[in-house]
Number of protein chains: 2
Amino acid sequence: MSEPGTPCSRKRCLGKEYSCSMELSLAVIGGKWKPLIVWHLRDIAAMRFSALRRTMPAITQKMLTQQLRELEADGLLTRTVFAEVPPRVEYALTDLGRGIVPILESLCRFGREFEARFGVEDADAPTATAAVR
Amino acid sequence: MSEPGTPCSRKRCLGKEYSCSMELSLAVIGGKWKPLIVWHLRDIAAMRFSALRRTMPAITQKMLTQQLRELEADGLLTRTVFAEVPPRVEYALTDLGRGIVPILESLCRFGREFEARFGVEDADAPTATAAVR
DNA sequence: CAGGTAGGTTTCCAAAAGGATACTACACAA
DNA sequence: TTGTGTAGTATCCTTTTGGAAACCTACCTG
């Protein structure tokens, strides 16, 4: 990228403003849900809306719809509507979308390294650490 | 991680709640500034506060301080205060912090791939694409 | 004594992200 | 006729994140 001390220039791609390619990537796959969505689609041909909801019980319908549309607009996945009743809509990763799976795997590894270093607890299990906070 | 269709369980590490290691990583290095800070420190022994500010002109003092403290609390960097006047404080990546540099490099590569696919413009340069929005 | 310098903190505020709830359309089943 | 399932919208609200501006400290220089 740039030499230490040199600021980057502002750029724009698909409506996202950023100063370096890394920021752009974070705009594309960052946020609370997008990495999870891509992760769940990573080695499956396609998945329908309701199946995705079941794998992510904490997401609301609105958020899932919204995130899926953004991922589609950014070319990371395809959305296929079947003209059936009840409705059927299937989502599948594109090649571009599959390109970020290795990054998510690295993130997973780092997360586990982090857990190994600092320890993990079960949430909702009040422990010494939780009590201190 | 889990089989398709199986939700993950809630965990906690260093006060952060998450459902899978990937989410934990994003809690640690996600956000608008942290990746940039780590990036600027990536191949330099140490850097002082004012130098970091110069490389990231858009960040405010408050945000830089806050993000640096969080990165320190998560063990990604060290903060060294020199008892001098005017004050001098230096920040340096730890081994743990250096561990995420390869991930940031992957993000950079993906970002460039994304740019290549969809095209980049200079921000503040009103173009056809900008006019359409 | 005024002004500058480095690295902050504090207060207040705006914007963005995320979420709860209610509503829709359509076909079919009981 | 009422209910069920799917994939949504629409509205309103709360929480989180980010930011602007002022203030602070401790010393040094002119």
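Letters A, B, ... mirror the listed sequences (proteins, then strands); counts begin at 1.
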Looking at B:Lys32, does any N or O in its side chain come under 4.0 Å of the phosphate oxygens OP1/OP2 on D:dG19? yes

Spacing between A:Leu52 atom CG and D:dT6 atom P, to the nearest angstrom: 14 Å

For B:Arg54 and C:dA6, give me the distance from atom CZ to atom C1', rounded to whole Å. 11 Å

So, are B:Arg42 and B:Glu105 salt-bridged, with charged N and O less than 4.0 Å apart? no

Just to verify, which of A:Lys16, A:Arg12, A:Arg10 counts as forming a salt bridge (Lys or Arg N to Asp or Glu O under 4.0 Å) with B:Glu121? A:Arg12

Rounding to 10 degrees, work out the angle separating the end axes of the helix from C:dC1-D:dG30 to C:dA30-D:dT1 (five pairs an end). 20°

Within residues 65-83 of chain A, residues whose heavy atoms come under 4.0 Å of DNA chain D: A:Thr65, A:Arg69, A:Arg79

Atom CD of B:Glu23 to atom P of C:dG18: distance rounded to whole Å? 12 Å

Show the distances under 3.5 angstrom between N or O atoms of the protein and N or O atoms of nucleotides 21-29 of chain C.
none

Compare side-chain N and O positions of A:Arg48 against OP1 and OP2 of D:dT6 and report whether any pair is under 4.0 Å apart. no

Measure the distance from CD on B:Glu90 to P on C:dG7 and round it to the nearest whole Å. 9 Å

Rounded interatomic separation in angstrom, taking CD1 from A:Ile59 and P from C:dA17: 15 Å

Provide, to the nearest angstrom, the distance between the NZ atom belonging to A:Lys34 and the P atom belonging to C:dG18. 9 Å

Pair A:Leu71, A:Tyr91 - check side chain to side chain contact (heavy atoms under 4.5 Å, CB included), show working. CA-CA 10 Å; A:Leu71 289 170; A:Tyr91 297 90; over 6 Å; no

B:Tyr91 side chain near C:dG7 phosphate (N/O to OP1/OP2, under 4.0 Å): no

Length of the line joining B:Met63:CE and C:dA16:C1', which is rounded to integer Å: 13 Å

Test log, rule side chain to side chain contact (heavy atoms under 4.5 Å, CB included), inputs A:Glu115 and A:Arg112: CA-CA 5 Å; A:Glu115 286 172 333; A:Arg112 279 193 290 267; 3.7 Å; yes

Any chance CZ of A:Arg117 has more than 12 other-residue heavy atoms, nucleotides or ligands included, within less than 6.0 Å? no

What is the distance, to the nearest angstrom, from the CG atom on B:Leu64 to the C1' atom on D:dT17? 16 Å

Hey, does the side chain of A:Ser50 come within less than 4.0 Å of D:dG5's phosphate (OP1/OP2), counting only N and O? no

Give a yes or no answer on whether the side chain of A:Thr94 reaches the backbone of A:Leu76 with a donor-acceptor pair at less than 3.5 Å. yes

